[in-house]
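What follows is one structure encoded as structure tokens, with my remarks underneath.
A, B, ... follow the sequence lines: proteins, then strands. Residue 1 opens every chain.
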Amino acid sequence: MGDIIKAENIIFEYPVLDEDGNEVSRTRVLDDVSLCVPEGQFLAVLGHNGSGKSTLAKHFNGILLPMSGSVTVDGMDTKDESRIYDIRQTVGMVFQNPDNQIVATIVEEDAAFALENLGVEPKEIRRRVDEALKTVDMYEYREHSPHQLSGGQKQRVAIAGIIAMRPRCIVMDEPTAMLDPKGRKEIMKTIKLLNREHGITVVLITHYMEEAAQADRVVVIDKGKILLDDVPKKIFSQVELLRSVGLDVPQTIELMYELKKSGLDVPDDLLYEEECAEYLFDMLTAGDKK
Amino acid sequence: MLKDITIGQFFPGNSLIHRLDSRFKIIMDIAYVVMLFTASNYLGLIAVGLFMILLYIMSGVGLRLVLKSLRPIMPLIAITCILNLFFIRGSGEPLLNIGGVIMIYPEGITTSIFMAVRIMFLIIGMSLLTYTTSPIELTDAIERLLSPLKKLHFPVHELAMMMTIALRFIPTLIEETDKIMSAQKARGANLDTGGLIKKAKALIPVMIPLFVSAFKRANELALAMECRCYRGGEGRTRMKQLHSGLKDYIALAVMAVFFAELILLNIYIPYLGIPYMVP
């Protein structure tokens with residue numbers, strides 16, 4: 001399968017202004033970043049605050065345009081203004097604060113918003129809205145008002161509003177940052193469902209290691225550059241490097257890391273809780289037998 | 001205090017009133033207001049009142065809500081009553097005469113009661129529209145009713161969109177205000193005591209963060225709307241279409257008949273019981 005998003009050598013800078021509004025200098029947020037996202041992948045982008053990960057995400061559907069370099073979405077250049085709505089329909093975007101993404105006062109009306117903008121037939125809108133709400137498991141709340149819902153439910157409504165457009169890729173900019181642990185779990189479940197069952201490419205921007213660990217591929221961004229790009233296991237076994245750029249590691253990896261440091265011969269890439277627990281169990285029972 | 005606001009709230013239901021086309025409901029609501037001000041005597045007022053009560057019974061909206069909607073306008077009613085009571089001069093002997101300054105006439109009493117009842121009926125009747133119509137339907141209907149103005153380059157769609165967003169963010173911002181007030185109180189802000197000016201000044205530390213956050217929200221919302229391909233009213237479709245049917249025309253006809261009756265009532269029994277003039 002081809003690449004749905006292709007970013008080539010993108011550079012993005014913010015001007016730094018003095019008190020009179022004159023440009024003093026420029027802060028480089030993205031420094032020569034190249035990244036390809038193959039169709040169907042679940043990609044996690046990790047990075048510390050201010051690493052440029054949100055700025056990168058905003059390049060993927062033409063919200064921001066690169067100062068040099070190019071971004072192509074399914075063969076369309078994001079600089080091409082005539083195709084901007086095709087691009088935004090192909091790559092949907094979900095933001096951090098669910099409250100600030102919901103436009104309408106009723107759940108189903110909000111899910112319909114994008115389709116109404118696109119001028120889809122009323123009957124077709126109804127069908128796709130019901131389908132989208134069922135996918136995120138919010139169908140029975142369709143006539144509720146958003147302020148009656150929990151954070152996780154609101155975020156799922158926001159996701160439904162995007163998937164009603166039938167995008168081929170969804171970019172999520174820290175969708176769980178403002179949610180409680182329960183809401184976070186709900187969103188991760190939804191993301192995986194969209195990726196596995198519906199074949200939608202997912203780009204998840206996050207700073208939660210546990211979430212990134214569930215992806216197919218992890219990209220670590222630091223100071224506007226891509227630092228690491230690999231499968232989760234390979235990424236998280238580099239504990240020192242991750243810590244040096246201000247990132248944490250999942251608890252499982254940390255446990256293994258500490259055990260290894262204290263002289264035990266354990267592998268350092270047991271990322272998932274089950275395999276870690278199983279390994280420790282085997283190790284301890286083997287010890288008992290001796 | 002902020003949570004008591006019921007004006008503009010929607011109470012879902014499935015009554016005939018709920019199911020009427022919202023465009024017709026707005027027109028009928030305006031007609032109701034005109035009717036209320038055409039009724040120049042008690043008989044007319046009672047007739048309008050009975051009509052309104054009938055509509056409320058049909059809609060299934062509870063009595064408690066009706067009373068709740070009246071609470072915020074009680075001061076207004078009280079002021080109207082007092083002004084009418086003291087300033088209406090009758091033809092006969094005053095009921096009460098304190099030094100020739102404060103004089104209360106029987107006409108004053110009847111007029112102030114009349115005015116109070118009229119204001120109450122006005123608010124109760126108009127609330128029925130928002131109680132039985134979802135905000136979306138309401139803004140849709142306004143957009144449709146005003147659509148002829150598009151030819152005059154009046155931004156009808158934008159207006160409707162702004163109303164939708166305002167309605168959407170009212171609960172969010174109320175919640176936020178509560179949070180900011182608590183946060184400022186925790187920092188020792190004194191929001192509840194002092195005179196009017198002091199109280200108003202004390203609200204500045206609440207208003208500023210609220211405005212900052214509202215702008216931030218607006219910014220993010222605009223971004224989210226852009227991501228969902230929003231580009232104004234041009235070429236937009238709606239999931240829920242407004243349908244007018246036989247029932248809407250019947251309702252309108254009933255309203256018209258009632259209106260005509262009221263006018264006849266005004267002509268043939270102009271001043272029933274009270275020597276009160278048409279406002």
Side-chain angles (χ1 to χ4, degrees), chain A residues 57-58 60-64 84-130 143-148 154 158 161-162 164-165 167 170-171 173, chain B residues 3 8-14 18 130 133-140 143 157 160-176 178-179 213-243:
Chain A
K58 287 190 181 116
F60 291 161
N61 68 349
I63 293 289
L64 292 176
I84 193 71
Y85 295 112
D86 293 327
I87 290 169
R88 294 204 175 135
Q89 216 183 325
T90 312
V91 177
M93 199 148 174
V94 176
F95 296 94
Q96 195 180 70
N97 190 340
D99 264 325
N100 299 352
Q101 307 173 59
I102 296 175
V103 188
T105 42
I106 308 253
V107 165
E108 59 177 6
E109 292 279 352
D110 189 72
F113 182 72
L115 298 175
E116 291 179 343
N117 289 334
L118 292 166
V120 177
E121 284 297 304
K123 267 185 194 153
E124 174 70 9
I125 298 184
R126 179 82 254 175
R127 222 166 51 75
R128 285 216 229 164
V129 162
D130 288 348
E143 278 172 1
H144 280 56
S145 155
H147 74 266
Q148 297 169 311
K154 276 189 256 192
I162 294 295
M165 288 196 292
I170 301 183
V171 177
D173 190 357
Chain B
K3 294 205 171 80
Q9 261 184 35
F10 169 54
F11 295 94
N14 201 25
H18 280 86
T130 51
T133 320
S134 81
I136 291 274
E137 273 178 54
L138 211 55
T139 45
D140 254 16
E143 189 174 349
H157 167 76
M161 195 52 165
M162 271 159 59
M163 280 174 61
T164 310
I165 292 172
L167 284 167
R168 153 76 186 82
F169 277 92
I170 286 171
T172 312
L173 290 178
I174 287 177
E175 210 172 281
E176 183 136 35
D178 271 351
K179 264 188 209 160
S213 126
F215 278 112
K216 242 188 222 162
R217 282 181 193 280
N219 198 9
E220 275 181 40
L221 183 70
L223 203 63
M225 283 167 77
E226 257 186 71
C227 284
R228 290 208 258 160
C229 305
Y230 180 68
R231 54 194 128 167
E234 205 76 4
R236 220 167 169 261
T237 50
R238 304 305 311 254
M239 174 169 75
K240 284 184 187 153
Q241 302 286 312
L242 293 173
H243 291 295

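A donor-acceptor contact under 3.5 angstrom links the side chains of B:R217 and A:N100, judged on distance only.
Under a 3.5 Å cut-off, the side chain of A:R128 and the backbone N or O of A:A164 do form a donor-acceptor pair. No donor-acceptor pair closer than 3.5 Å links the side chain of B:E220 to the backbone N or O of B:K216. No donor-acceptor pair under 3.5 Å is formed between the side chain of A:D173 and the backbone N or O of A:Q96.
Only the side chain of A:I63 comes within less than 4.5 Å of a heavy atom of chain B; its backbone N, CA, C and O stay farther away. Neither the backbone nor the side chain of A:E124 comes within contact range of chain B; no heavy atom of the residue lies under 4.5 Å from a heavy atom of that chain. Heavy atoms of A:V94 lying under 4.5 Å from chain B are absent altogether. For B:T172, the part lying near chain A is the side chain, with the backbone staying farther off; criterion is any non-hydrogen pair under 4.5 Å. The part of B:Q241 that comes within reach of chain A is its side chain, from C-beta onward, which places non-hydrogen atoms under 4.5 angstrom from that chain. When heavy atoms are compared at a cutoff of 4.5 Å, A:F95 approaches chain B solely by way of its side chain, counted from C-beta outward. Looking at A:K58, only its side chain comes within 4.5 Å of chain B, counting heavy atoms on both sides.
Contact tally against chain B (heavy-atom pairs below 4.5 Å) for A:I106, A:N61, A:V120, A:I87: the top residue is A:V120.
At a threshold of 4.5 Å between non-hydrogen side-chain atoms, the residues B:K240 and A:E109 count as touching.
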Salt bridge (Lys or Arg N to Asp or Glu O under 4.0 Å) between B:R228 and A:D110, intermediate numbers included: CA-CA 11 Å; B:R228 290 208 258 160; A:D110 189 72; 3.2 Å; yes
